[in-house]
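It should be emphasised that the depicted structure is a prediction, and the values quoted were computed from it without experimental measurement.
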Amino acid sequence: MYRYDSYDQAMVDARVAEFRDQARRRLEGKLTEDQFKPLRLTNGLYLQLHAYMLRVAIPYGTLDSRQMAMLATIADKYDRGYGHFTTRQNIQYNWIKLEDCADALADLATVEMHAIQTSGNCIRNISSDHFAGAAADEVVDPRPYAELMRQWSSFHPEFTYLPRKFKIAVIASEKDRAAMRLHDIGVRIVKRDGEVGAQFYAGGGMGRTPMVAPLIRDFVPIDQFITYAEACLRVYNRYGRRDNKYKARIKILVHELGAAEYIRQVEEEFAHLLSVGVEPPREELARIAEYFALPPFRHPSESWDLEQLQSKVAGDPSFRWDDGFGQWVRQNTHPHKAPGYVSAVISLKPAGGIPGDATSDQMRVVARLAKEYSFDELRVMHTQNLLLPHVRIADLPAVWAALDAAGLGSANMDTIEDIIACPGLDYCSLANARSIPLAQRISERFAQSGRTELVGELKLKISGCINACGHHHAGHIGILGVDKKGKENFQLSLGGSEAEDVSLAKITGPGFDEDGVIAAVETVTEVYLASRTEGERFLDTYRRIGMEPFKEALYG
């Protein structure tokens, strides 16, 4: 993983000192809240319903054990002993005191972390495939390119005050595990005739006007991809709406101009920038790439496969392949590019738990496991879970035993219990409804019914307001909480996907109260189970039979 050089460290340390002075002046009354707001937001500090919330950047979701241990320390010293991992691969602390914030940022800086550009109308944390560097299906590891984009975008003088916040995802496989086409810019690293390049999409996003990003250019040579990204941003910065925040995202610009006209202007800007020479030297990308070299995997002759593991545990009374351990291996491990290894998903979604939350003790357990079993590397997943990217199959029993003892052994990846949910009205000042209790009740209901495994892959996503931080538009089942005459009301949507088969969910009809929407989710799954053919996921069945059978069952 990337390590700071002296310039990186000096930049972050200087920002901590600057913010410390700004916070002091606010506490002394020398700055009003209106004056302080843009300063705190550029340092990831929000003012929510009950307290300040601090969002810490975890670039492309990669961190090591010392950083995870520091996140645990921050939770204990400055919060209430836990943190919340987000869909943008960051972590949020919901109970920060303003007088402590600079100290928290200073502590983070000692392990090469910060909260810069995690808020504000700027380029936010660059996200990526959480299996990057480990996935068997990737063309290359996309993280060096994401890191180059991070360095290019940090403190970029032209893009500090964009019309609206701007989100970029970088992947390198046909399979999309980062919702790439639902970003302002989505980049897929590809190979054409042996040459590495970048495929660009622009104009995606969720919120009150969800849109799927169209293809802008099929291939940009890799030594020009930062220049092309800059061209995309410059056209947006020039013409994006600043008079109406609801129409300020790039998706609105691309829609109103039309993709063809936006492409024409980007290509014109691209040609100009090529003549100016804004691309980082090729040597800089090579320098960054060295930090992402593969770990020293054991020789294949020393490796295990899952069949060998099954044979081993069959004779070990500590583990049974037909109970929790075996189910966790089948559900929560992902194929790896190295023989004898898998990537192991750590679910932050226990039945009845708060999606994405982890206690400080759990963070320390995960940090220890990363150091002992995953080459000291961790990932924050787009799905609000954690990941040990490089685990020997032979080590899975020890890993699962430690996770299970820490309450982290749930075997529910990509099931209806693996719910994405925003903080909702329990924390967020923008929310209209509570997301967390609803997620807890649905996961408990299905866990108790024993139907989770029967239902199979079903991605449920919940947002507490139209801003769609819970990605409900992209859920196989999506739930949006709205305010209806002072009461919480939940709209149900079906058919969304943020994967390579991207689609936007459609509303079924009138909304429900909390009890009603839980019953509606059960009704929808019953229609699916009665209608599916062999091997069909929920999404496949929905696309085959359409909305009407579900509406009939829901509304009669």
Do [X] and [Y] touch side chain to side chain, with heavy atoms closer than 4.5 Å?
| X | Y | value |
| --- | --- | --- |
| F325 | V329 | yes |
| V139 | S173 | no |
| I123 | L233 | yes |
| I126 | S153 | yes |
| V266 | F200 | no |
| V212 | Y201 | no |
| S127 | I168 | no |
| W328 | V345 | no |

Got a second to check how far [X]'s [atom1] is from [Y]'s [atom2], nearest 0.5 Å?
| X | Y | atom1 | atom2 | result |
| --- | --- | --- | --- | --- |
| L253 | K251 | CG | NZ | 12.5 Å |
| S154 | M11 | OG | CE | 5.0 Å |
| E230 | L274 | CD | CG | 11.0 Å |

If you compare all heavy atoms of [X] against all heavy atoms of [Y], which two are closest, and at what distance to 0.1 Å?
| X | Y | value |
| --- | --- | --- |
| L378 | A370 | CG-CB, 3.5 Å |
| A104 | I74 | O-CD1, 3.7 Å |
| A231 | L273 | N-CD1, 3.6 Å |

With a 4.0 Å cut-off on N to O distance, would you call [X] and [Y] a salt bridge?
| X | Y | value |
| --- | --- | --- |
| D357 | K349 | no |
| R181 | D176 | no |
| K337 | E138 | yes |
| E147 | R150 | yes |
| E283 | R287 | no |
| D418 | K461 | no |
| E269 | R238 | yes |
| R192 | E195 | no |
| D107 | K77 | yes |
| D137 | K175 | no |
| E377 | R143 | yes |

Side chain [X], main chain [Y], donor-acceptor under 3.5 Å:
| X | Y | result |
| --- | --- | --- |
| N467 | C469 | no |
| N385 | L348 | yes |
| S360 | A72 | no |
| D64 | Q67 | yes |
| Q362 | A406 | yes |
| Q224 | P221 | no |
| N332 | M413 | yes |
| N43 | I116 | no |
| E372 | L369 | no |
| Q89 | S128 | yes |

Notebook entry, point to check: Would F375 and F297 satisfy ring pair (Phe, Tyr, Trp, His ring centres under 6.0 Å), going step by step from the backbone distance to the final call?
Noted result: CA-CA 9 Å; F375 298 97; F297 299 122; 5.6 Å; yes
Any donor-acceptor N or O pair under 3.5 Å, side chains [X], [Y]:
| X | Y | answer |
| --- | --- | --- |
| E498 | H382 | yes |
| Y341 | W304 | no |
| Y46 | Q92 | no |
| Y228 | E267 | yes |
| R88 | H183 | yes |

Note to self: Given Y2, which partner from the list E290, Q151, E112 fulfils the side chain to side chain donor-acceptor pair (under 3.5 Å) test?
What the structure shows: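 Testing Y2 for a side chain to side chain donor-acceptor pair (under 3.5 Å) against E290, Q151, E112 leaves exactly one candidate, Q151.
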Note to self: Let's go through T87 and Q384 carefully: what are the C-alpha distance in whole Å and the side-chain angles of both, what is the deciding distance for side-chain contact (heavy atoms from CB on, under 4.5 Å) to 0.1 Å, and is it a yes or a no?
What the structure shows: CA-CA 6 Å; T87 58; Q384 296 180 290; 4.0 Å; yes
Checklist line | Result of checking Y52, Y78, Y82 against W95 for side chain to side chain contact (heavy atoms under 4.5 Å, CB included) | finding: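 So, applying the side chain to side chain contact (heavy atoms under 4.5 Å, CB included) to W95 and each of Y52, Y78, Y82, only Y82 qualifies.
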Checklist line | V380 vs I91, side-chain contact (heavy atoms from CB on, under 4.5 Å): CA-CA, chis, key distance, verdict | finding: CA-CA 9 Å; V380 179; I91 186 172; over 6 Å; no
Check: Is the centre of the Y236 ring less than 6.0 Å from the centre of the Y262 ring?
Finding: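 No, ring centres 6.0 Å or more apart.
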Next item on the list: Establish, yes or no, whether a centroid distance under 6.0 Å links the rings of H130 and H334.
Entry: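 Centroid distance H130-H334: not below 6.0 Å, so no.
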Notebook entry, point to check: So H390 and V342, side-chain contact (heavy atoms from CB on, under 4.5 Å) or not? Walk me through it.
Noted result: CA-CA 6 Å; H390 315 294; V342 293; over 6 Å; no
Next item on the list: Would you please test Q9 and D13 for side-chain hydrogen bond (donor to acceptor under 3.5 Å, both in side chains) and show each step?
Entry: CA-CA 6 Å; Q9 192 66 54; D13 290 342; 3.1 Å; yes
Margin query: Tell me whether the count of non-hydrogen atoms from other residues, nucleotides or ligands lying under 6.0 Å of NZ in K371 goes above 12.
Written below: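 Counting neighbours around NZ of K371, 12 or fewer heavy atoms of other residues, nucleotides or ligands fall under 6.0 Å, so no.
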Next item on the list: For the pair N125 and T118, evaluate side-chain hydrogen bond (donor to acceptor under 3.5 Å, both in side chains) and give the outcome as yes or no after the intermediate values.
Entry: CA-CA 6 Å; N125 189 43; T118 59; over 6 Å; no
Margin query: For a side-chain contact (heavy atoms from CB on, under 4.5 Å) check, start with the C-alpha distance between R282 and D223, then their side-chain angles and the critical distance, and finish with the verdict.
Written below: CA-CA 6 Å; R282 192 80 181 251; D223 57 358; 3.5 Å; yes
Notebook entry, point to check: Please, which pairs that meet side-chain hydrogen bond (donor to acceptor under 3.5 Å, both in side chains) have at least one residue in residues 158-172, sequence neighbours excluded?
Noted result: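 Qualifying pairs: E158-R234.
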Item checked: Intermediate values then yes/no, ring pair (Phe, Tyr, Trp, His ring centres under 6.0 Å), F159 and F166 -> CA-CA 9 Å; F159 306 141; F166 204 91; 8.2 Å; no
Margin query: In terms of relative ring orientation, are W152 and H156 parallel, tilted or perpendicular, with 30° and 60° separating the classes?
Written below: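 Correct class here is perpendicular.
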Note to self: Working note: R392 + H336, criterion side-chain hydrogen bond (donor to acceptor under 3.5 Å, both in side chains); need CA distance, chi angles, decisive distance, verdict.
What the structure shows: CA-CA 10 Å; R392 279 206 320 148; H336 199 284; over 6 Å; no
